[in-house]
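These numbers come from the heavy atoms of this one structure, side chains and all, not from hydrogens, waters or symmetry mates. Quick note on labels: first sequence line is chain A, next is B, and so on, each numbered from 1. Just so you know, these numbers come straight off a predicted model, no measurement behind them.
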Amino acid sequence: MAQKNVLVMINRPPYGSIYYTEGLRAAVGVTSGVDENRVTVAYLGDGVHFALTGVDRKDTDKYLGTLKKQGARLVVQKESLKERGIKEEEVGEGFEILPIKEIFLLLQGADFTMDF
Amino acid sequence: MAQKNVLVMINRPPYGSIYYTEGLRAAVGVTSGVDENRVTVAYLGDGVHFALTGVDRKDTDKYLGTLKKQGARLVVQKESLKERGIKEEEVGEGFEILPIKEIFLLLQGADFTMDF
Amino acid sequence: MAKLGFMLTLGPFQFENWETTCNIAKAALDKGHEVKMFLYLDGVYNPIKLQTFPDMPVMPKDRFAELVAKGAKIIACGICVNARGLEKGKDYIPGVTVGGLPDFAEIVSDVDRLITL
Amino acid sequence: MAKLGFMLTLGPFQFENWETTCNIAKAALDKGHEVKMFLYLDGVYNPIKLQTFPDMPVMPKDRFAELVAKGAKIIACGICVNARGLEKGKDYIPGVTVGGLPDFAEIVSDVDRLITL
Amino acid sequence: MGNLYLINKEYGENGLNLASQDKEAIVVLLHDGVYISPKLYPSKAKIYAIKQDVEKRGLSGKLSAKYMVAFSLPKHVEYIDYYRLVDLIAENKVINFA
Amino acid sequence: MGNLYLINKEYGENGLNLASQDKEAIVVLLHDGVYISPKLYPSKAKIYAIKQDVEKRGLSGKLSAKYMVAFSLPKHVEYIDYYRLVDLIAENKVINFA
């Protein structure tokens, strides 16, 4: 048994599937054990839509709050935003915009990855 | 109650989901009532992969046989093949290759459409 | 007034189709249209009456029960029901029956519009 | 030998993920690796023991039972189980238990590899 | 009676391709269908989207006429509710891609 | 220990984009992942696919080295079984996109 670093990658947008919220619940869950695993959440492809300022987050706020308290990073792939015509100022507070080469470094630093 | 012409459109390839086979089961089902509804099956987008010669059809042969006996047409969108680098000679027997404007005419002639 | 037929092929929660189906069907019933629905494939998971979740006052099955109460006729595909281990739908909400594709063929013959989700 | 963790989020039939999961897990067990699996979201539909289909000699639940027989530890997410009306998994094949995300956290701590499907 | 295309994201592109063949297409974007790039909207079609689907996704601004014009996108999207959608269904043939 | 990218069709492109950043990427195409256009395969990566997934889809010829060369596609795809996949999983870090 050992503490793990987990990169949770969310590829689906809200709300057509529940992965946008259940992926966050799983991310919080990963940190709930005695070993205090650590998570980073990365939004890739269509998943980046979750970061838009106007998204209704009433069902995800509690997970985002917990992740924030734990110091977990929420990162959004810069190229995916651009491909979808989303400007950086349309991204909500608390999300870091990172180019793919930096997201790759997070992947390199993770023990495990999960995809939603 | 009246006989209907139904265009069944299959958009998903085999076998990642069961729509490729359950869509055909539904197509056969539509024709099973007293009104003898008629069906045409159209393969669109990634759905056209079902028409490849080498596809294993052991779980769909019975539905294809029934549809053939009823004179139902199986049509494959020409543009979708081309976009996926599939040559027309790679398409199996029993499938008609039609350009989108002719598939649109089938849609115009149908009472109902279904998508799988 | 029109007769609207629905085929729903996805279950509750995971994908939004069940919710869109309920929203359209409810609006149709409110406007006085007739609704006949066939639950196919994973669609047969929707009316399980034992769904419980502390934070969610209205469960998917409650939305389907609301449609039944407003007069919708809902039939689930029996082959799909048994394949998924739901024992002929014994744990379904009242008013949802188990049938087969011939019932769907009859819906197709009967309705004025068909919506598949 | 390695410890392999799995998280499966889709149910039987509709999408192929359950089958790929069983194929990988079986090969891993055959090779002497350890398998710990967490069924999440629609994944909790897989081990329902009452699945029946005349033409299908091996049902999805049988593939999971095979994994259990070969030593896999399989836990289903209880919140997901109850939300879907599966009554704490009372109709599950033997050997599959119902737990929670803290069990998954423990799997994550314990395993050498994590596969999510 | 025209053709009413119900469009979701997953294979909505196949539906929009057919709608492009249709001189009087009416398109309704349902749930994740609102994520489809406006560049793929058929130029002659009337485009609707379900208001609550757009709003909860934070896209009200992005699908608006103002945004479309600012980015030279092809169409204005009109937001409707489920009651209006039912009227459209009753008035037209439904082409299912949702 | 390298990175083993498990790729399905749905968001496999996101995974292949990351694999393109990776000098020693190993890619395994699982189930509908075999439908992803070979043009998207990372140029430096080793590409595997599950033999039975390829065969039941009638794609054995299309993913073969011969086809790839004939159409100037970037890579040779090697077909493996689940036992070999388990070895790859045991030897590498798993990057999940399946």
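- Looking at B/Val28, there are no atoms closer than 4.5 Å to chain C (heavy atoms on both sides), in backbone or side chain.
- Across every non-hydrogen atom of B/Ser32 and C/Ala105, the tightest pair is OG-CB, 3.8 Å.
- The environment of CD in B/Glu93 is sparse: at most 12 heavy-atom neighbours from other residues, nucleotides or ligands sit within 6.0 Å.
- Heavy atoms of other residues, nucleotides or ligands lying less than 6.0 angstrom from NZ of B/Lys78 number 12 at most.
- Here the CD1-CG distance, from C/Ile115 to B/Asp115, works out to 11.5 Å after rounding to the nearest 0.5 Å.
- The distance from atom CZ of B/Arg25 to atom CG of C/Leu41, rounded to the nearest 0.5 Å, is 7.0 Å.
- Separating the CD atom in B/Glu22 from the CG atom in C/Asp42 is a distance of 10.0 Å, to the nearest 0.5 Å.
- Counting all heavy atoms, side chain and backbone alike, B/Ala26 lies closest to C/Met7 at CB-CE, 4.4 Å.
- When all heavy atoms of C/Thr116 and B/Thr113 are compared, the closest pair comes out as CG2-O, 4.3 Å.
- Under a cut-off of 6.0 angstrom, the local environment of CZ in B/Arg38 is sparse, with at most 12 non-hydrogen atoms contributed by other residues, nucleotides or ligands.
- Atom CD of B/Glu36 has 12 or fewer heavy atoms from other residues, nucleotides or ligands within 6.0 Å.
- Heavy atoms from other residues, nucleotides or ligands lying under 6.0 Å from NZ of B/Lys62 number more than 12.
- Per-residue heavy-atom pair counts under 4.5 Å with chain B were compared for C/Ile107, C/Asp103, C/Asp112, and the maximum is reached by C/Asp112.
- Within a 6.0 Å radius of NZ in C/Lys31, more than 12 heavy atoms belonging to other residues, nucleotides or ligands are found.
- The neighbour count for C/Glu16 CD, taken as heavy atoms of other residues, nucleotides or ligands under 6.0 Å away, is above 12.
- With a 4.5 Å cut-off on non-hydrogen atoms, C/Tyr40 touches chain B through its side chain but not through its backbone.
- C/Val111 and B/Lys4 get closest at one heavy-atom pair: O-NZ, 2.8 Å.
- Contact annotation for C/Leu114: both backbone and side-chain heavy atoms come within less than 4.5 Å of a heavy atom of chain B.
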